[in-house]
Amino acid sequence: MSARLFTGILLLLIAALATDSAVAGEDLDARLKEAVIQSVSERNGFPAEKLEITIHTAHLPEAAAAADRVVAQVPDYDDAIGAVTLKVTFAKDGETLARISAPIRVKVFEDALVTTRRLNRHDILHAGDLRRERVDITNLVAWIQTESDSVLGRRTTRTINHGTIVESRWLADVPLVSRGDRITMAKAANGVSVTGMAVALEDGYKNQEISVKAEWANRILRAVVVDAGTVTPVP
């Protein structure tokens, strides 16, 4: 065999081995990613299509290449949102081949409600005030609003700029009685109903006790909200 032929065969063998190694490496990376996505999704409750996961592990143990099973585990105390460090196990035929700690970053995206205009404090939300937009809600998961029915008709508790994601902590139900309203104070006793006018000194919701100023007595009383514009005095 000539030296040139031998060299050619050797180069072909090296190339084949390198290709097999690259394919094996890509397959392992794919299985690792699949295991991470499954574990994260099960913990935080978001489907894979709403997650963007960056795996920071740059090097995997050589022994992991022979694994037929890859398992990623989120720590019990972690909600799997933001920065997370997973424990990953590579196994074959039930035997552990390698274990690593895999730092990752998880972002959550959602079709959330976003304002179409600047909203002032105490504005009541209407359909035209909102649009849907796919946004990063990683830091807003606890407050995010995705259903318009849950916010329409409510009022803002602060100014919200145009193009801002709507958060539940910035919204409140519209009170039945608002501060400054002239309201009816009604009381029934022994079959007799007595009414008078008063001014609400604070907002009030149904069955809530508020302060009112009775116009006929020019003094402050406590009353319970009955319905829109009506209260009954506290005995």
Side-chain angles (χ1 to χ4, degrees), residues 19-116 125 127 130-154 156-158 160 163-173:
T19 300
D20 289 344
S21 177
V23 171
E26 291 174 1
D27 179 62
L28 184 60
D29 288 342
R31 285 185 290 154
L32 172 61
K33 185 175 182 180
E34 181 180 354
V36 168
I37 291 174
Q38 180 180 346
S39 180
V40 167
S41 181
E42 288 177 355
R43 176 57 59 86
N44 64 31
F46 289 96
E49 60 268 22
K50 293 186 177 181
L51 301 176
E52 180 183 288
I53 301 176
T54 303
I55 303 175
H56 299 295
T57 301
H59 176 72
L60 297 177
E62 290 185 8
D68 59 13
R69 186 164 181 259
V70 181
V71 178
Q73 183 177 8
V74 179
D76 293 339
Y77 57 82
D78 206 304
D79 61 2
I81 295 175
V84 189
T85 298
L86 305 183
K87 298 297 183 183
V88 181
T89 301
F90 300 88
K92 183 176 183 180
D93 298 328
E95 180 181 348
T96 298
L97 301 179
R99 286 194 179 97
I100 64 169
S101 293
I104 67 172
R105 178 162 292 278
V106 181
K107 290 185 177 181
V108 182
F109 290 82
E110 183 63 272
D111 293 330
L113 298 176
V114 177
T115 57
T116 59
L125 284 173
L130 306 168
R131 71 171 187 271
R132 287 193 177 278
E133 184 176 321
R134 187 172 177 83
V135 291
D136 182 351
I137 64 164
T138 304
N139 298 321
L140 303 173
V141 170
W143 310 105
I144 203 67
Q145 295 295 302
T146 59
E147 300 299 328
S148 57
D149 289 347
S150 65
V151 302
L152 294 180
R154 304 187 77 194
T156 61
T157 59
R158 49 158 283 178
I160 306 177
T164 301
I165 301 171
V166 177
E167 301 181 36
S168 59
R169 56 182 169 175
W170 298 341
L171 305 176
D173 293 333

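Predicted model, so just to flag it, every value in this text is computed and none were measured.
Partners of Glu133 by side-chain hydrogen bond (donor to acceptor under 3.5 Å, both in side chains), not counting sequence neighbours, listed by chain and number: Arg131. Remark: Ser148 engages no residue in a side-chain hydrogen bond (donor to acceptor under 3.5 Å, both in side chains) (not counting sequence neighbours). Contacts of Asp173 classified as side chain to side chain contact (heavy atoms under 4.5 Å, CB included), with partners at least two apart in sequence or in another chain: Arg154, Tyr205.
Considering all non-hydrogen atoms of both residues, Ala112 and Ile165 come closest at CB-CG2, 4.3 Å. Considering all non-hydrogen atoms of both residues, Thr157 and Ala172 come closest at CG2-CB, 3.7 Å.
Note that CD1 of Ile160 and CG of Leu171 are 5.5 Å apart. Values are rounded to the nearest 0.5 Å. The CG atom of Leu60 sits 6.0 Å away from the CG atom of Leu32 when rounded to the nearest 0.5 Å. A distance of 8.5 Å separates OG1 of Thr115 from CH2 of Trp170, quoted to the nearest 0.5 Å.
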Name the atoms and distances for all side-chain donor-acceptor pairs under 3.5 Å in residues 137-147, with sequence neighbours left out.
{"residue": "Thr138", "atom": "OG1", "partner": "Val108", "partner atom": "N", "Å": "2.9"}
{"residue": "Thr138", "atom": "OG1", "partner": "Asp136", "partner atom": "OD1", "Å": "2.5"}
{"residue": "Gln145", "atom": "OE1", "partner": "Ser150", "partner atom": "OG", "Å": "2.9"}

Output side-chain donor-acceptor pairs under 3.5 Å for residues 83-106, partner residues at least two apart or in another chain, one line each.
{"residue": "Lys87", "atom": "NZ", "partner": "Ser101", "partner atom": "OG", "Å": "2.9"}

Return a table of donor-acceptor pairs under 3.5 angstrom between the side chains of residues 40-50 and protein atoms on other chains or two or more places apart.
{"residue": "Ser41", "atom": "OG", "partner": "Phe46", "partner atom": "O", "Å": "2.6"}
{"residue": "Glu42", "atom": "OE2", "partner": "Gln38", "partner atom": "NE2", "Å": "3.3"}
{"residue": "Arg43", "atom": "NH1", "partner": "Pro75", "partner atom": "O", "Å": "2.6"}
{"residue": "Arg43", "atom": "NH1", "partner": "Asp78", "partner atom": "O", "Å": "2.8"}
{"residue": "Arg43", "atom": "NH2", "partner": "Val74", "partner atom": "O", "Å": "3.4"}
{"residue": "Asn44", "atom": "OD1", "partner": "Phe46", "partner atom": "N", "Å": "2.9"}
{"residue": "Asn44", "atom": "ND2", "partner": "Val40", "partner atom": "O", "Å": "3.4"}
{"residue": "Asn44", "atom": "ND2", "partner": "Ala80", "partner atom": "O", "Å": "3.0"}
{"residue": "Lys50", "atom": "NZ", "partner": "Glu110", "partner atom": "OE1", "Å": "2.9"}
{"residue": "Lys50", "atom": "NZ", "partner": "Glu110", "partner atom": "OE2", "Å": "3.0"}

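We find that Lys33 and Asp29 are not joined by a salt bridge, their nearest charged nitrogen and carboxylate oxygen being 4.0 Å or further apart.
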